[in-house]
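Everything numeric here is computed off the predicted structure, so don't read it as measured data.
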Amino acid sequence: MYEDRLTDTASTRVVRTAELDLLLSLTQEPGSEGRLIAVLGEPGSGKTHLLSALVRERQWTALPATVYRCSSGDRERAMNAVRKLLWRARRAGEREGGDRPVIGLARRRHRPDRELVVIEDAHLADDQTIGELVGIAAGDPAPLVDVIVSLRPRQTPDRLAEAVSVTTAFGRTVRIELGPLDDEQMLAMSPVPAPYELRHRSGGNPFNLRALQAMEHGARSGGDGALAPYEFAVMSEVRDLAPAERYALHAAAILRSRFDTDLLAEVAELDPLVASAALRRLVRRDLVRVEPVGTLFAIRDEVFGMLLRQMIDPCWAALAHQRALHRLSARGQAGTQIGFHLVSSLSRSSELARIVDASQEIMETDVSECVSWLTPVLAEAPASTEIGARARLALSTAFGRLGRMAESRDLLFVVHESGAAVDPAALAEQVAFVSVVEGVLSQDVQTLDLLGDLLRRPDLRDSPVWPRLVLARGFRVSMLGRTAGRAETESALRAARAAGDDPVAAGLLGLAALASITAGNVDRALAEADAAAEALDRTPEHLMARHIECLLLAGLAYIYLGRSADAQRQVGRGVEIARRRRRPFLLPTLLVLLSEAERHLGRLRQARDAADAAIVESDAGNPLRHAQAVALKSAAEVWMQPPGSGRAKSLAQQALAQQALTGAHVNGSASIAALTLARCAWLDGDPAHCVTLLLNEGRGADMRVIPSGSRLTIWETLCAAGMDAGMPLDDWARRAQEHARAVPVPPNLAYAAMTRGHLLRVQGSPGEAVRCYREAADLFASVGMPVEQSYALGQAARALGEQGRAEQAAHTVRLAAEIARRSEAVTLLDWLGRQTGGPPAAPAPQPGARQEMLGRLEVFGRLTHREREIALLICSGMKRRDIADRLTISMRTVDVHLTRIYRKAGVSSRMELALAIQRKTAGQEYATRF
């Protein structure tokens, strides 16, 4: 029954908050007339869970709600439970004696609230009930209750689907379609973060995602208890099938996709006419679907087929795979079409080579399928055999592409130590790949020694794989914050160019550009970076997908050169390829680099979004990238948060805490987070604390533990805060000048000019300082860094004000404010306003930034008076029991109010709620000032 399912899902978090809020508002609108509300979604999309949450909300508020569930067994009955209810309601209406016509449920006299009827799986109702629902949709006459029906689009009877569509167009009926969940919703719905591969395979379907997680848990633990609820759900859906339909469905699960009626009949061992009739009925039941092109069929979805195969008799399934293999081989199908049947058939042991070949063919399109094909081969082929070594190397590649590095490394070392007669170039290629993935994930360096051994082998020196080995080692060295050797890089570059290997040549050019930057040869670095970009641009996507680290190197070189737009283009391409080609392990690193490029370009909102995406992608098992993403989000928020918000500070503290747990500082997240905390302290009027934070993080004024690219930013912040705190600036400014001369890229020169300006102001030369600040602003503008340009102009305005040149100062602030507004830098706008004693006189804020700020106020404003009262008390640190005693209400009522408060405010913890309240207060102040 539906009520049982309601209980099962009660503990699961609601992630479709927008749809739930819409349902609550629709069913609580005042008025005597109800309406039909149709909730449509694919099987497993969360219709039951959403409606159960709605019913719970009404139960907590003592509003009536009646729930029914239709099933296929009710189709042949004269009158199901819903029809009986509607019939009794009509009889009650007649006894009341009114002239008012009543259809469906009549409202009870003693209840002023409109009742609610929820009919789940209404597409399975009998014809009479469907007719009743069509009448309710048309409002002929208008119902006195709200009726919510959940429907599967492919199974909804035509007349009901037409009635819903027509009446929705005229505003009579409300239609809510449940599309796939996005990544954030899918991660929020489960206490165990789902990796990218599972999220992709689930298609955004909650049932599919949980089933895949249960399968993965069962495979690793050796038990199948976690999968039982999902198997039971499938069993319940197919339990009333006739024998011919059941055999046809099982054969469809074996064939999976792109099969015709004749192939299905042969695999199911059915007469073709019987198979055709059964197939038509399965399509009507939405258990089998027609392929978009041609007259081929497919099982409803991958997860449904996997669950079905778990319940099929294994002996029958093995024979069915054998029949499918023979028929498909006779048709001349490729290995990618028959690999699944090779693995599952009785003749697997004699087909191991074909299985390995097929798995390597399918690896580019479906890594998970490749893993499932190769795993059984390992049990039948020892590592010392040629086929066993090939299978393990292929599986090592597959695990690497999924980011499962421990398993990938283990297989690699097994092959290396087995003494198998394996092609040295193939082994070297795999070692290079695994080493690169380790670098992308910022994991340990177990393959570096093996990589070095291969590079010293004379027989590989003239091999086409040698440039790839050099690139892999150079990439690892770069990820560790060091510079690759130029001589070896240039030698490998010549070899790659001679072989026509554009992607590897581009990666080696990126390494050369990084080495030139370190040596201070900016012109050469620019030429090498541009040559790398040109090679990458002419490389097709399918080749680029194998060498996305080359895009990373080119993007990193461009960022260090101050060419953030070029970096954004290269890294953005890498993100798109990684998503399309299913390279999830690359996404965290690509996204953090994209966030860095977007922030330098003044696209703070895009930088924050990229950091958010990196947080989502790295949460499952990459703590270093996760900390880096949180730090980068804080760096974007420091200028765009409302004044006094505290968001940036909270994020920076979180990043530092995570970095401390990992015990590594290679990726610079600690320095980014420390810089954010220091800027927050300076903006809050505590420059001495800002200086202390930065000196502690840098372990002194030389900043040797800080990555080279961040040192000038820190020295400039030290000078700005030290100037406000009355500290000497000479040492910090000197170090900044020396660093800029050593690496004279435009951003470095601009920050050095800023430090000169600060020093000149302290020395009593504000006029000279203005020229330095304007020089810095011009340099920032030349490389497209508007936030820094606006900040430099703000410092110039402050120096002009110190000279008494008020009109020029005001003009400079207005220019800086216009630049800051284009980047939605709200905190920077507030700081600029303080430089001349008031808000800058510039055009109104952009609609997007203003709308977001007003949207936060609106969300908080949706809380009732009692909910606001409880929210303030809970944020003050008061316990739930104390709140109940103080307000003379029950603990249960406090919990109900807290659930609604968290949902309406879009938060999940007391800390986030406190920040939301701070944002609301700060937003009101900002709205008043501007």
Side-chain angles (χ1 to χ4, degrees), residues 439-440 442 474-475 477-484 506-507 509-533 536 548-575 586 588-604 606-608 610-611 614 625 628-629 631-633 635-636 666-669 671-672 675 706-714 716 739-740 743-751 779-789:
V440 168
S442 290
F475 181 81
V477 168
S478 298
M479 291 296 103
L480 292 171
R482 300 196 297 269
T483 304
L509 282 166
L511 288 175
L514 292 172
S516 296
I517 293 170
T518 302
N521 194 337
V522 174
D523 292 337
R524 182 173 182 176
L526 277 171
E528 289 164 337
D530 287 339
L536 293 170
I548 299 183
E549 71 274 7
C550 301
L551 289 166
L552 272 169
L553 289 169
L556 195 60
Y558 273 133
I559 283 181
Y560 288 157
L561 289 166
R563 297 265 293 273
S564 297
D566 292 311
Q568 190 270 350
R569 184 173 65 86
Q570 296 296 338
V571 180
R573 183 189 179 198
V575 171
L586 291 163
T589 303
L590 286 165
L591 287 165
V592 297
L593 199 57
L594 181 63
S595 177
E596 182 85 350
E598 297 281 20
R599 181 167 57 87
H600 288 169
L601 291 170
R603 295 158 54 91
L604 299 180
Q606 290 84 347
R608 185 184 64 186
R625 290 288 177 242
Q628 192 175 16
L632 285 167
K633 183 177 180 180
V666 173
N667 59 22
S669 58
S671 59
I672 296 171
L675 179 59
I706 302 294
S708 175
S710 301
R711 291 176 191 171
L712 270 161
T713 311
I714 291 180
E716 187 280 322
H739 190 85
V743 188
V745 297
N748 287 358
L749 296 174
Y751 282 118
L779 285 166
F780 284 132
S782 70
V783 290
M785 299 175 69
V787 172
E788 286 75 9
Q789 179 191 8

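- Partners of Ser564 according to the side chain to side chain contact (heavy atoms under 4.5 Å, CB included) rule, which considers only residues two or more places apart in sequence or in another chain, are His600, Leu601.
- Donor-acceptor pairing under 3.5 Å is lacking for the side chains of Gln570 and Arg573.
- When all heavy atoms of Phe780 and Pro747 are compared, the closest pair comes out as CE2-O, 4.3 Å.
- Counting only residues at least two apart or on different chains, the salt bridge (charged side-chain N to carboxylate O under 4.0 Å, His left out) pairs with a member in residues 553-566 are Asp530-Arg563, Arg563-Asp566.
- Residues Leu553 and Phe475 are in side-chain contact: their nearest non-hydrogen atoms beyond the backbone lie under 4.5 Å apart.
- Val571 places none of its side-chain heavy atoms less than 4.5 Å from the side chain of Leu551.
- Atom CD1 of Ile706 sits about 12.5 Å away from atom CG of Leu712, to the nearest 0.5 Å.
- Contact record, Pro746 with Leu779: O-CB, 4.2 Å, taken as the closest heavy-atom pair.
- Listed here is the closest heavy atom pair of Ala567 and Ala597: CB-CB, 4.3 Å.
- Interatomic distance, Leu604 CG to Arg599 CZ, rounded to the nearest 0.5 Å: 9.0 Å.
- A donor-acceptor contact shorter than 3.5 Å is absent between the side chain of Ser595 and the backbone of Val592.
- Interatomic distance, Leu593 CG to Glu598 CD, rounded to the nearest 0.5 Å: 11.0 Å.
- Here the closest heavy-atom approach between residue Leu749 and residue Pro744 is recorded as CD1-O, 3.8 Å.
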Under 3.5 Å, which donor-acceptor pairs link side chains of residues 511-520 to any protein atom two or more places apart or in another chain?
unit_1: Ser516; atom_1: OG; unit_2: Arg486; atom_2: NH2; d: 2.4
unit_1: Ser516; atom_1: OG; unit_2: Ala512; atom_2: O; d: 3.1
unit_1: Ser516; atom_1: OG; unit_2: Glu528; atom_2: OE1; d: 2.8
unit_1: Thr518; atom_1: OG1; unit_2: Thr483; atom_2: OG1; d: 3.3
unit_1: Thr518; atom_1: OG1; unit_2: Leu514; atom_2: O; d: 3.1

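- Nearest heavy-atom pair, Ala533 versus Tyr558, reported as atom, atom and distance to 0.1 Å: CB-OH, 3.5 Å.
- Separation of atoms CZ (Arg625) and CG (Leu591) is listed at 11.0 Å; rounding is to 0.5 Å.
- Taking CG of Leu561 as the start and CG of Asn748 as the end, the distance is 10.0 Å to the nearest 0.5 Å.
- The two residues Ile672 and Ala635 have their closest heavy-atom pair at CG2-CB, 4.0 Å.
- Taking CD1 of Ile548 as the reference point, atom CG of Leu586 lies at 5.0 Å (rounded to 0.5 Å).
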